[in-house]
Amino acid sequence: MARVLEAPDGHDFYEVVYAFVRRVPPGKVVTYGQVAEMVEEMRLTARQVGVAMRYAPPDVPWQRVVGAGGYLPIAKRSPEAMQRQLALLRAEGVPFHPDDPYRVDMAKAQWFPGPSLFEPAEETR
DNA sequence: AGATTGACTGCAT
DNA sequence: CATGCAGCCAATC
C-alpha cells in the first residue's frame, strides 16, 4: 500500500524550499531539480522538493515548480493535479510549446533567483 | 536497523 | 520517441 508521508512540522528544509518558491513571480517557473540546487547546502534532491510541494501551504505557488525540460512529472502520479497545475499556469500566462500544450517553454518561462535566495529577483535575460 | 515510498532526473534500451 | 531503471534523501513502518 502506498503510504502517505506526514506533513512536515515546519522547522526543516521544507520551510527553506517554501520561502524560495514563494519568490517565483507569476508567469515564471522553476524546476524541482533547480530548487534542489538552490538549497544545495541542505543536500536536497528533486524528489524531496516534490514532497515539499505536495504538502505546500496555501500561500506557496506550487504550480510554478515543474519538471526538468518543462514537463509536468506529476502527470504520472496524479492526472487531476496535473490538470489543475496546467490551468493555473495558463491563467498566469506561462508560455507553452506551440506543438506541445503540456510542456512549458522553459526558454521563456524559467526563473532564476538573485545571488541570495532571499534577494529580490534579478533581471533575467 | 532494514525496507519501502515519493509533485524527480538522467542515462540506457 | 516511449519505457525502464538506478540513484537521490528524508520520512515511515
Side-chain angles (χ1 to χ4, degrees):
Chain A
M1 304 291 228
R3 290 238 175 331
V4 178
L5 297 178
E6 293 292 323
D9 289 326
H11 280 75
D12 292 284
F13 67 85
Y14 290 87
E15 285 306 319
V16 179
V17 171
Y18 295 149
F20 177 65
V21 175
R22 273 191 277 253
R23 294 185 180 329
V24 182
K28 291 290 184 178
V29 302
V30 292
T31 68
Y32 293 98
Q34 185 189 342
V35 174
E37 277 189 33
M38 291 299 157
V39 203
E40 172 177 8
E41 294 181 17
M42 305 185 83
R43 298 174 187 172
L44 287 185
T45 62
R47 286 187 102 102
Q48 289 307 105
V49 176
V51 172
M53 286 304 102
R54 186 181 184 190
Y55 296 100
D59 64 318
V60 175
W62 60 272
Q63 71 273 20
R64 293 175 197 153
V65 183
V66 303
Y71 295 99
L72 305 183
I74 186 183
K76 295 180 184 174
R77 301 278 183 184
S78 171
E80 295 183 2
M82 190 271 275
Q83 289 298 333
R84 271 181 280 130
Q85 178 170 25
L86 210 50
L88 288 170
L89 292 179
R90 284 173 175 157
E92 294 183 359
V94 171
F96 281 78
H97 278 261
D99 53 328
D100 189 347
Y102 293 94
R103 185 182 177 188
V104 174
D105 187 339
M106 296 307 277
K108 297 178 181 176
Q110 184 164 23
W111 179 79
F112 296 95
S116 165
L117 296 184
F118 293 84
E119 287 293 321
E122 78 182 13
E123 261 342 278
T124 52
R125 261 176 300 148

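Note on naming: letters A, B, ... go to the chains in the order of the sequence lines (proteins, then strands), and numbering restarts at 1 for each one. Because the structure is a prediction, the values reported are computed rather than measured.
- The separation between A:M53 atom CE and C:dC9 atom C1' is 16 Å, rounded to whole Å.
- A distance-only check finds a donor-acceptor pair linking the side chain of A:Y18 to the backbone of A:A52 [under 3.5 Å].
- For A:T31, counting side-chain heavy atoms from C-beta on, the closest listed nucleotide (B:dA7, B:dT9, C:dA11) is B:dT9.
- Contact detail for A:V21 and A:P61: the closest heavy-atom pair is O-CG, 3.4 Å.
- Under the 4.5 Å side-chain criterion, counting only non-hydrogen atoms from C-beta, A:Q85 is in contact with A:V66.
- Between A:Q48 atom CD and B:dG6 atom C1' there is a gap of 8 Å when expressed in whole angstrom units.
- Here A:R54 does not reach the OP1 or OP2 of B:dG6: none of its side-chain N or O atoms lies under 4.0 Å away.
- Taking atom OH of A:Y32 as the reference point, atom P of B:dT9 lies 8 Å away to the nearest angstrom.
- The shortest distance between the side-chain N/O atoms of A:R77 and the OP1/OP2 oxygens of B:dA7 is below 4.0 Å.
- At a threshold of 4.0 angstrom between heavy atoms, the contacts of A:A68 are confined to the sugar-phosphate backbone, with no base atom among them.
- Separation of the C1' atoms belonging to B:dA7 and C:dC13 is 23 Å when rounded to the nearest angstrom.
- For A:T45, whose side chain is taken as the heavy atoms from C-beta onward, the closest listed nucleotide among C:dA11, B:dA7, C:dC8 is C:dC8.
- Atom NZ of A:K76 is separated from atom P of C:dG4 by 9 Å (rounded to the nearest Å).
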